[in-house]
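Input: a single structure, listed below in structure tokens.
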Amino acid sequence: MKKDTAKKAPAKKTAAAAKATAKKAAAEKATVKKATKKAAEKAAGSPLKKAAKKAVKKAPAKRAVVPETTAPQPAPPETEIAVSPAVDAGDRERLLSGTHHAPHSVLGAHPVPGGVVFRAFRPFARAVTVLSGGLTVDLHDDGDGFFSGLLPLREVPAYRLLVTYEDTVVETEDAYRFLPTLGELDLHLIGEGRHEELWTVLGAHPMTHQGVTGTRFSVWAPNARGVRVAGSFNFWNATGFPMRSLGGTGVWELFVPGIGEGELYKFEITRPDGSKTLRADPLARRTEVPPATSSVVTSSAYEWGDAEWLERRAEVPAHRAPFSVYEVHLPSWRPGLTYRRLAEQLPAYVKDLGFTHVELMPVAEHPFGGSWGYQVTGFYAPTARLGTPDDFRYLVDALHQAGIGVLMDWVPAHFPRDEWALAEFDGRPLYEHEDPLRAAHPDWGTLEFDFGRREVRNFLVANALYWCEEFHIDGLRVDAVASMLYLDYSREPGQWTPNEHGGRENLDAVAFLQEMNATVYRRVPGVVTVAEESTAWDGVTRATHHKGPSGFGGLGFGLKWNMGWMHDSLEYMSHEPVHRRYHHGEMTFSMVYAYSENYVLPISHDEVVHGKRSLVSKMPGDWWQQRANLRAYLGFMWAHPGKQLLFMGQEFAQGAEWSEAHGPDWWLLDPHYGAEADHRGVRDLVRDLNTVYRKTPALWRGDTEPSGFRWVTGDAAEDNVFAFLRYDSDGSPLLAVSHFAPVVRQDYRIGVPDDVPAWHEAVNTDAGRYGGGDVTNPDPVKPEPQGWHGNPASIRLTLPPLATVWLRPA
């Protein structure tokens, strides 16, 4: 802003110069006196004041109250010389073009020589009037939506603006009179990439600031030439809402008074090349229902009722606790149900089946439903398809109160290229890597995060904490970890660059995962992180400070999906029984590496889509044999070391592949359906497996310890038999025998310890109530002193066809 300042006359002056100076001073003094007189007349009740009061009465009813104060006191005109109040040409151009970094330094009210200058930028306004106590002053229309005026006041008063448009008059606070809402500590932590509660400072937050209610908008856009806010509150015209840049952090901020929850908004960003882009808020905590893409101002008023659950969830680490998981795609579990309607049905169903946890496929907002949530655009917003964020809290709370933990799929590996979301957010690569080869995900047409950039790591680490702290999520299953860990993942030679050591490991991703896990475990007791990692990376579930043979510290996860077990065991089961003898090792190989990590045995959605067939349809034979194979396999799975995960629909032997369009085939359980008993029988088995599992510590307490497992026979390939013992920490055993041949074997001898007086069946997957042939061992089985399978004693069992039998000490 140009300023005319008083200058001290030199010691020697010509008479003419002295005379001109005196004349100029007299003119300036007369100007200030005239302005002072005019202001005093307005304060005393001029026609302008009366007109302004009349206009206020016409204004909308929704207003903040103007405090009654005495009129501001004029400054002594003799002491200062007035300046031009209008916005200068440079600032004017930057404000019009959306490239101003400091609009608050120009707009609003500022003390200047001669008084206080008021400037407003209100495109489309006919007039702007300053209201302060009893003072009412019309600002001069400078064109292009700019209004200004100089009042000969001693200091900046409390004031409001009366804005006249073509068909309405609005009384409002001036957004450019407020101090920044973010403190130095917040900005320092953001700049360092260490703000663990990033969601509390970035995004849109309804708040009271300097005694005024409104919403703070803030966004990280370091490459932007300017940022403005557009939304439903300004008819999506962002021109009059420029944000200020807060130092070198790349954060832009604006407090907009008078707006609150429910308003739609986006950020209009001026790119380095001068072009503009309208972007959804990366930290929006609520969004419109897709395909609409706006962010929504929101705050939570939810009152939780799960304090008891949270208090006890950290008592036992996940790898030493019962942990059987029901995987759910919420939009299709019962299509059409909202979060709150799901809360009425899902907890009861899962509790009845005995699962300890549910795992929700990605809940974060995503534009394309066919991605099942794995291509996220709203990392901080539960999908609006099913309700509000507080509705989602209600569902989590209901599950907790039913005694069920909640895991959530989390996708920090990549994001889609939608032009309104994260891709080149501020005109240059920001969330993605600046190297196009590193940025482009080769498999999914998406972009990989730049894990080496501290602000990006902060965005993701804080996001993990956000779901755990704000929504009480009990665990994060991290998707596609392998694609993060390897620079050459799905890339051909020449399409990737080795790391600084010449290796293929993505050192930035390793550091990010270690930081994420360490931070989550430090801040949120009882939460577990689970890696979907399909390679033999060393130390996925090892502590981050413990280095392994590769020289890396552990990644710090609590559990890891055992993809090898899943592939090998399903391959074995897909063969006709007569050929299984040649694939026997596929069922035993998992025990070679079973204790290298803390494992989950996953039969997930990935295994029952895209032509892979449903779980029961993978089994050979006729319908009876398919179901028998499935039941035997589930019995083997629940007894094998490791936690269990089963995708929805597979618990009742759905024959068709899963489709997100219609979800599980619930009609198979309709009592009027002829084969309903076949499907109900499998579901009853799953319930009984979970019930016995939870009551039998031998099946879960020693999952990660070699002492918790011992083969009885792992080489009976000719018989298609597998037998092993599971042990609790006090030595209490469970004997599991799986027989994958379609014949009955009478008096089949199994070696057992000699310190158990008798064994009885705890589970037999061939039981008639499950749809089997009911070939059972109804009476306790007593050991004989004949050694067998390396044990001092043995028992003789009747092995049902295609069945698994669990026996416990009688």
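Numbers here simply count residues along the sequence, with the first being 1.
Put simply, the side chain of Thr129 never gets that close to the backbone of Thr136: no donor and acceptor are under 3.5 Å apart. Checked by atom type and distance alone, the side chain of Arg454 never pairs as donor or acceptor with a backbone atom of Ile190 at under 3.5 Å. The main-chain N or O of Gly193 is never found under 3.5 Å from a side-chain atom of Arg457 such that the two would form a donor-acceptor pair. With hydrogens and angles disregarded, no donor-acceptor distance shorter than 3.5 Å links the side chain of Arg228 to the backbone of Thr270. Panel note: side chain Glu261, backbone Ser299; a donor-acceptor pair is recorded below 3.5 Å. Put simply, the side chain of Lys266 never gets that close to the backbone of Thr277: no donor and acceptor are under 3.5 Å apart. Between the side chain of Asn234 and the backbone N or O of Gly231, at least one donor-acceptor pair lies under 3.5 Å. In terms of modelled atom types and a separation under 3.5 Å, the side chain of Arg279 and the main chain of Ala421 share a donor-acceptor contact. At least one donor-acceptor pair under 3.5 Å links the side chain of Asp391 to the backbone N or O of Thr388. With hydrogens and angles ignored, the 3.5 Å screen pairs a side-chain donor or acceptor of His209 with a backbone N or O of Leu179.
A distance below 6.0 Å separates the ring centres of Tyr380 and Phe459. Aromatic rings from Phe241 and Tyr265 are positioned such that their centres are separated by 6.0 Å or more. Not less than 6.0 angstrom separates the ring centroid of Phe415 from the ring centroid of Phe379. Aromatic ring centroids of Trp410 and Tyr466 lie 6.0 Å or more apart.
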(request) Carefully, step by step, assess Leu161 and Arg122 under the rule side chain to side chain contact (heavy atoms under 4.5 Å, CB included). (result) CA-CA 11 Å; Leu161 298 178; Arg122 295 282 172 164; 4.1 Å; yes

(request) Carefully, step by step, assess Val456 and Phe512 under the rule side chain to side chain contact (heavy atoms under 4.5 Å, CB included). (result) CA-CA 10 Å; Val456 175; Phe512 157 67; over 6 Å; no

(request) Kindly determine whether Arg285 and Glu470 satisfy side chain to side chain contact (heavy atoms under 4.5 Å, CB included), including the steps that lead there. (result) CA-CA 11 Å; Arg285 291 167 296 137; Glu470 292 290 325; over 6 Å; no

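Remark: His110 NE2 to Leu150 CG distance equals 13.0 Å, nearest 0.5 Å. Between His140 atom NE2 and Phe147 atom CZ the span is 10.0 Å, to the nearest 0.5 Å. One distance of note links CH2 of Trp220 with NE2 of His195; it measures 15.0 Å at 0.5 Å rounding. With rounding to the nearest 0.5 angstrom, the CH2 atom of Trp199 is 10.0 Å from the CG atom of Leu283. For the atom pair CZ (Phe178) and CZ (Arg216), the distance works out to 14.0 Å, reported to the nearest 0.5 Å. Here the straight-line distance linking atom OH of Tyr165 with atom CG of Asp167 works out to 10.5 Å at 0.5 Å rounding.
The two atoms that bring Val411 and Pro362 nearest to each other are CG2-CG, 3.9 Å, heavy atoms only.
When only modelled atom types and interatomic distance are considered, Glu253 and Thr181 share a side-chain donor-acceptor pair under 3.5 Å. Side chains of Gln375 and Trp444: a donor-acceptor N/O pair is absent below 3.5 angstrom, by distance only.
Sorted by first and then second residue, the salt bridge (charged side-chain N to carboxylate O under 4.0 Å, His left out) pairs with a member in residues 179-199 read Arg194-Glu515, Glu196-Arg522, Glu196-Arg523, Glu197-Arg523; sequence neighbours excluded.
Glu171 has a carboxylate O that lies under 4.0 Å from a charged side-chain N of Arg160, or vice versa, which qualifies the two as a salt bridge. In summary, Glu432 and Arg438 do not engage in a salt bridge, as defined by a charged side-chain N under 4.0 Å from a carboxylate O.
A perpendicular orientation is assigned to the rings of Tyr431 and Phe425, their planes being inclined by more than 60° (bins at 30° and 60°).
Atom CD of Glu434 sits in a sparse spot, with 12 or fewer heavy atoms from other residues, nucleotides or ligands closer than 6.0 Å.
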